[in-house]
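Here is the structure we will look at, set down as structure tokens.
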Amino acid sequence: MAEQTAQAQGEADLIEIPVEPFEMKMGPSHPATHGTVRLNLKLDGETVLSAEVEVGYLHRGFEKECESGLYYQAFPYTDRLNYVSPMINNVGYALACEKLLGIDVPDRCKYLRVIASEASRIGDHLTCLGACALELGAFTAFLYAVEARESAWDILDSMCGARVTCNYVRIGGLSGDVEPEFPSLVRQKLADVARLQKDFEDLLLANPIFRERMEGTGHLSREELIALGVTGPLLRASGVPYDLRRVQPYLVYDRLDFDVPVGEASDNMDRFLIRCEEIRQSARMIEQCLVDLPSGPVDVDDTRFRLPPKGRVFNRMEELIAQFKLVTEGPVPPVGEVYQAVEGGNGELGFYLVSDGTGKPYKCRARSPSFSNTQSMPRMVVGGMLADVIPTFDMINMIGGECDR
């Protein structure tokens, strides 16, 4: 009896010391943060209590740079917004300028812009999927994805001579036409992508470790995604078929037959599978464009907006004057404002331009998908495990250049 009393007294004397959450700073230079970004995490053991995404480490001042130069001088900056799919950025900005100027480009230019955009989208998705595999330890699968991405970039290389920062699109057209052997080269490269993608998927989707890391992690309901302004594969993985190529067609997307893949679980595995299927749909669209590719010019024949051919500049006074005015003053749109959105690799990419009647934009605003999508991450990882942060952030696919405008 005395021993029991002593034991009870000892238990009463014990003082419970509160334990503070463990704070972890991941990044900004971390091998698993999928970019130059910092994640401020609070953990209870391995469970995530709170998460904060800190961007701003790649700030380039995109919007102010565009406002300090002529309209056509912004294309090298758009390349660097999403440096994994620069062609889509070029196209989106060009369409905004052309909407402001009230011009329509030739059909051949439209088809080539679609081919460039979809080849760029393939490269973007392969980079995202390959990086996800690498950061989960699947190095071999990463090599398959990178090799496939090189084939997609070969298509861009054949169009403009560049692979990453392309600067191919112009206001009113393109920097140049493609060679006669272009269709056969594209078909060969798409076949290489399809072969490598199959190997890549076979390696990962049959791997139980990979599936356990992806399935059921990073879940967020479609209502929350919509409230946060999330678009692209993240939103489509929740079952919402929102794709600007379908709901607000531009260029020649309304003439193409393609599917908009959607998921159900709204987890990391669905996002992975959505991107895999979108690669196949992009290849399908490119093939249709090659079949329907018309002949003709790739530029508008209007020297107020597009530089005249050099042969005419060197031999005609009118074209020389037109080039001089365009280079020194730029294309001059009427006073007004426009918003033009395209379907980027990660969602809705929009450009808002305000004209004051001069050759420089009074206001240039980019609605970049990564900025909106990244704010959803804390809700996706809170309550999950620390290990789930990596695949979740991979599938968000944050691009620093888009967030840090």
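Side-chain contact between R108 and V178: present, with at least one pair of heavy atoms (C-beta onward) separated by less than 4.5 Å. In this structure, L81 and Y93 have side chains that are not in contact, with every pair of non-hydrogen atoms separated by 4.5 Å or more. Counting heavy atoms from C-beta on, the side chains of E23 and N40 never come closer than 4.5 Å. Between F272 and N268, the closest side-chain pair of non-hydrogen atoms is not below 4.5 Å. Taking 4.5 Å as the limit, every side-chain heavy atom of Y242 sits out of range of all side-chain heavy atoms of I226. Side chains of V53 and Q375 form no contact here, defined as non-hydrogen atoms less than 4.5 Å apart. P28 places none of its side-chain heavy atoms less than 4.5 Å from the side chain of V37. Between F62 and E402 there is no side-chain heavy-atom pair separated by less than 4.5 Å.
Applying the side chain to side chain contact (heavy atoms under 4.5 Å, CB included) test to A141 and every residue at least two apart in sequence or in another chain returns A133, A138, F200, L203, L204. Not counting sequence neighbours, D199 has no partner by the salt bridge (charged side-chain N to carboxylate O under 4.0 Å, His left out) test. For E135, there are no salt bridge (charged side-chain N to carboxylate O under 4.0 Å, His left out) partners at least two apart in sequence or on another chain. Partners of L43 according to the side chain to side chain contact (heavy atoms under 4.5 Å, CB included) rule, which considers only residues two or more places apart in sequence or in another chain, are F22, M24, L41, V48, L386. Listed by chain and residue number, nothing satisfies the side chain to side chain contact (heavy atoms under 4.5 Å, CB included) test with V332 (two or more places apart in sequence, or in another chain). Every residue was checked against the ring pair (Phe, Tyr, Trp, His ring centres under 6.0 Å) condition with Y168, not counting sequence neighbours, and none meets it. Residues passing the salt bridge (charged side-chain N to carboxylate O under 4.0 Å, His left out) test with E277, sequence neighbours excluded: R280. Residues meeting the side chain to side chain contact (heavy atoms under 4.5 Å, CB included) test with R170, sequence neighbours left out: N167, S175, R306. Listed by chain and number, the residues in a salt bridge (charged side-chain N to carboxylate O under 4.0 Å, His left out) with R245 are E118, D243 (sequence neighbours excluded).
Within the structure, the salt bridge (Lys or Arg N to Asp or Glu O under 4.0 Å) test picks out the following pairs touching residues 92-103 (sequence neighbours left out): E98-R113. For residues 319-332, the salt bridge (Lys or Arg N to Asp or Glu O under 4.0 Å) pairs, not counting sequence neighbours, are R312-E319, R316-E319, K325-E329. Pairs of residues two or more places apart, or lying in two chains, that qualify as salt bridge (Lys or Arg N to Asp or Glu O under 4.0 Å) and include a residue from residues 34-46 are R38-E54.
Contact check on D192 versus R195 returns a salt bridge, with a Lys/Arg side-chain nitrogen under 4.0 Å from an Asp/Glu carboxylate oxygen. At a threshold of 4.0 Å, the pair D257-R284 counts as salt-bridged, since one of the basic side-chain nitrogens sits closer than that to a carboxylate oxygen. Residues D154 and R163 are paired through a salt bridge, judged by an N-O separation under 4.0 Å between the basic side chain and the carboxylate. D107 has a carboxylate O that lies under 4.0 Å from a charged side-chain N of R255, or vice versa, which qualifies the two as a salt bridge. Electrostatic pairing of K64 and E67 counts as a salt bridge here, judged by a charged N lying under 4.0 Å from a carboxylate O.
Between the side chains of T231 and E348, no donor-acceptor pair of N or O atoms lies under 3.5 Å. With hydrogens and angles left out, the side-chain atoms of N89 and D79 include no donor and acceptor closer than 3.5 Å.
Shown here is Y339, whose OH atom has more than 12 heavy atoms of other residues, nucleotides or ligands within 6.0 Å. Within 6.0 Å of CD1 in I209 there are 12 or fewer heavy atoms belonging to other residues, nucleotides or ligands. The neighbour count for D301 CG, taken as heavy atoms of other residues, nucleotides or ligands under 6.0 Å away, does not exceed 12.
Between Y72 and F75, a ring centre-to-centre spacing not shorter than 6.0 Å is recorded.
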**Message:** Quick one, N346 with N373, criterion side-chain hydrogen bond (donor to acceptor under 3.5 Å, both in side chains). Give me CA distance, side-chain angles, the key distance, then yes/no.
**Reply:** CA-CA 8 Å; N346 295 311; N373 293 355; 5.6 Å; no

